[in-house]
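A short write-up of the structure that comes next.
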Amino acid sequence: MSDTLKLGNKEFTSRFILGSGKYSVDLIKAAVNEAHAQIITLSVRRTNTRKSENILEYIPDGVTLLPNTSGARNAEEAVRIAHLARELGCGDFVKIEIMGDTKYLLPDNNETVKATEILAKEGFIVLPYMYPDLYAARALRDAGAAAIMPLASPIGSNRGLSTKEFIQIIIDEIDLPVIVDAGIGKPSEAACAMEMGAAAVMCNTAIATSENIPLMAGAFAEAISAGRKAYLAGTGRVLERGAESSDPLLGFLR
């Protein structure tokens, strides 16, 4: 059975989006190879002209780049960063990140909607990072977003699926791929997100702060794959009361 993730004009067999914000560049290639990720995010600020520090030199060929607008405080700044990323050769994919708040680093949904509408009209494939709110998700869909990327918990926190119930609402109500982003701390949490019906999971801090980055990247890849298979298979029914023998021949022992 063909089961691909469709974003804009591309299809992917992997549903693991790998972040690169906290990595040292010499570990990027190993992490991508172990995770089998086909999309990797990068900050435009790290695509500089000094070859020894240019992150683009460490990303394997064939991996789709997803530049983000990290550092943008409003829609205008996000649009400017997106244009710069395209001029640097990063393609038409862009992850919108707009954070005016410096304490909790929560995304500004209103400014994100504005930037999404502008960039979608310019032909960008826009993946907006957002606080999980159904009304904002609808507005982003109407603005031309290719997917919705709600946070699981505050960025960089590794606290897991703190916003699980709200993400589920978006999955149920928005006819776009929902990519769970930010705060996922363990492979088991990534599997849970996929079992909920998420289209993909993005992870950065949980891998970057682990003791063995390539090994943890592989663990996340396996968990995401398992969660997707469980969602497609449909989880078994739950008994609210009592129990039921799994072996009908048990009665012969009485």
Side-chain angles (χ1 to χ4, degrees), residues 5 7 15-23 37 39-43 66-75 77-78 81-82 93-116 126-141 143 145-174 176-209 220 223-224 227:
L5 172 62
L7 296 173
R15 293 175 178 271
F16 184 12
I17 299 176
L18 189 64
S20 64
K22 288 185 170 67
Y23 294 95
I39 305 174
I40 185 168
T41 69
L42 70 158
S43 171
L66 179 59
N68 63 45
T69 63
S70 175
R73 295 164 295 179
N74 52 51
E77 292 180 358
I81 294 171
F93 276 71
V94 64
K95 178 188 174 187
I96 301 298
E97 290 186 20
I98 300 177
M99 302 175 201
D101 163 57
T102 58
K103 182 176 182 180
Y104 299 104
L105 301 177
L106 296 176
D108 185 328
N109 284 352
N110 291 331
E111 290 295 307
T112 300
V113 171
K114 294 177 185 177
T116 297
V126 186
L127 283 68
Y129 170 60
M130 51 92 71
Y131 188 84
D133 172 83
L134 177 60
Y135 299 108
R138 286 173 174 164
L140 288 167
R141 175 199 61 197
I148 305 293
M149 300 184 73
L151 62 85
S153 58
I155 192 168
S157 68
N158 283 351
R159 293 179 196 163
L161 285 164
S162 300
T163 59
K164 179 179 179 180
E165 300 301 324
F166 299 103
I167 292 174
Q168 187 68 70
I169 290 172
I170 293 175
I171 291 172
D172 293 343
E173 297 297 327
I174 301 296
L176 282 178
V178 175
I179 301 169
V180 177
D181 182 12
I184 294 288
K186 301 182 182 72
S188 58
E189 295 161 355
C192 181
M194 297 303 295
E195 289 174 2
M196 291 164 55
V201 168
M202 183 188 151
C203 186
N204 181 9
T205 302
I207 297 172
T209 59
F220 265 90
I224 290 167

**OP:** Output, in order, the C-alpha distance, side-chain angles, deciding distance and verdict of side chain to side chain contact (heavy atoms under 4.5 Å, CB included) for I155 and Y129.
**Re:** CA-CA 11 Å; I155 192 168; Y129 170 60; 3.8 Å; yes
**OP:** Just do the side chain to side chain contact (heavy atoms under 4.5 Å, CB included) check on V201 and R15 with the steps written out, would you?
**Re:** CA-CA 7 Å; V201 168; R15 293 175 178 271; over 6 Å; no
**OP:** Using the side chain to side chain contact (heavy atoms under 4.5 Å, CB included) rule, take D181 and N204 through it: C-alpha gap first, then chi angles, then the decisive distance, then the call.
**Re:** CA-CA 9 Å; D181 182 12; N204 181 9; over 6 Å; no
**OP:** Check the pair V94 / I81 against side chain to side chain contact (heavy atoms under 4.5 Å, CB included), numbers first and verdict last.
**Re:** CA-CA 9 Å; V94 64; I81 294 171; over 6 Å; no
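The CD atom of E189 sits 7.0 Å away from atom CZ of F220, with the distance rounded to the nearest 0.5 Å. Of the inter-residue distances, the one linking R141 atom CZ with L176 atom CG reads 7.5 Å to the nearest 0.5 angstrom. Annotation: the span from Y131 atom OH to L106 atom CG amounts to 7.0 Å, rounded to 0.5 Å. If you take CD1 on I167 and CG on L134, they are separated by 13.0 Å, rounding to the nearest 0.5 Å. Between the CZ atom in R138 and the CD1 atom in I148 there is a gap of 12.0 Å [rounded to 0.5 Å]. Rounding to the nearest 0.5 Å places CG of L42 at 10.5 Å from OG of S70.
Test I98, I96, L151, D101 against P107 for side-chain contact (heavy atoms from CB on, under 4.5 Å) and you get one pass: L151. In summary, of the residues considered (L127, I179, L18, L7), a side-chain contact (heavy atoms from CB on, under 4.5 Å) with I39 occurs for L7 alone.
In terms of modelled atom types and a separation under 3.5 Å, the side chain of E97 and the main chain of T69 share no donor-acceptor contact. A donor-acceptor pair is defined here as one N or O able to donate and one able to accept, closer than 3.5 Å; such a pair exists between the side chain of Q168 and the backbone of M196. Proximity of a side-chain donor or acceptor of T163 to a complementary backbone N or O of S153 within less than 3.5 Å is not detected. Looking only at distances, a side-chain donor or acceptor of S20 sits under 3.5 Å from a matching main-chain atom of T41.
Contact check for M130 versus I170: side-chain heavy atoms found under the 4.5 Å cut-off.
Here the closest non-hydrogen pair linking A78 and A115 is CB-CB, 4.2 Å. Annotation for C203 and F16: closest pair CB-CE1, 3.9 Å, computed over non-hydrogen atoms. Heavy atoms only, all atoms of each residue included: S157 and P154 are closest at OG-O, 2.6 Å.
Residues forming a salt bridge (Lys or Arg N to Asp or Glu O under 4.0 Å) with E77 (at least two apart in sequence, or on another chain): R73.
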